[in-house]
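Atoms considered below: every heavy atom in the structure, side chains included; atoms not considered: hydrogens, waters and symmetry mates. Note that ligands are numbered from 1 as they come in the structure, with each ligand's atoms numbered from 1 the same way. From a predicted model like this one, the values you see are computed outputs, not experimental measurements.
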Amino acid sequence: MLINIKRKARVYSPWIFHAHAGGCNNCDIELAACFAPRYDLERMGIQLRNNPRHADILIITGPVTKQISSSLRRIFDQVPNPKVVVACGSCALTGGVYNRDDGKPNYALAGPVEKLIPIDVSVPGCPPKPESIIDGVMLALEKLKEK
Ligand code: SF4
C-alpha cells in the first residue's frame, strides 16, 4: 500500500533536478522556459528542485567538462532510486559543437553524458525547443512508472 502511494506521488508530482554540465547555456534557458507561464510544467505537478536528494528525474545539459565530471557523478549518486536520467541537447548526447572537427578528443571534455552515467531519455536539438523537453519529461514519467 505504502509502495503504491509512493509510486503514485512520484509519477503524478515528480521533482526534477537540473544539472548544467558545461555548454553555452541556451539549453538551460529553454528548460527554464518550460517552467515559465507559457508552458508552465508546474500545472502538471512537475517541479524543479534545487537538491538532487529530493529529485526523481535528473536532467543534464551540456557536454560534461572534465571540471564538472566528478560533481556530475556525485549528483547522479545523490538522486534516490528509482530515478530517470534525461540528456537534454546535442552537447549532452554527443558533445555537439564542442567536438573537434578533426575527430580528435577535446582536451576539456569528459563527456558526453553516457560516458559517465546511463541515460534513460534523449532529447536532441541545439537547443531543444521547450516542446521537445516537455516530451522528454513525459517519456521520463513513463519510464518512472516502469521502475
Ligand atoms: S546543445 Fe546547443 S544550445 Fe545546448 S548547450 Fe550545447 S551548444 Fe548550447
Quiz prompt | Electrostatic pair Glu146:Lys143 at N-O distance under 4.0 angstrom | solution = no
Self-check item: Same apolar cluster: Leu31 and Val123, side chain cutoff 4.5 Å
Solution: yes
Exercise. Verify the neighbour count for atom CZ of Arg53: are there more than 12 heavy atoms of other residues, nucleotides or ligands below 6.0 Å?
Key: no
Practice problem: Examine Lys129 relative to Tyr39 and say whether NZ or CZ is less than 6.0 Å from the centre of the six-membered ring and inside a 45° cone about the ring axis. | Solution: no
Practice problem: Output every pair passing side-chain hydrogen bond (donor to acceptor under 3.5 Å, both in side chains) with a member in residues 55-65, not counting sequence neighbours, ordered by first then second residue. | Solution: His18-Thr61, Asp28-Thr61
Exercise. Assess whether atom CG of Asn81 is packed by more than 12 heavy atoms of other residues, nucleotides or ligands within 6.0 Å.
Key: yes
Practice problem: Mind listing the protein N/O/S atoms less than 2.8 Å away from atom 2 (Fe) of ligand 1? Waters don't count. | Solution: Cys126 SG
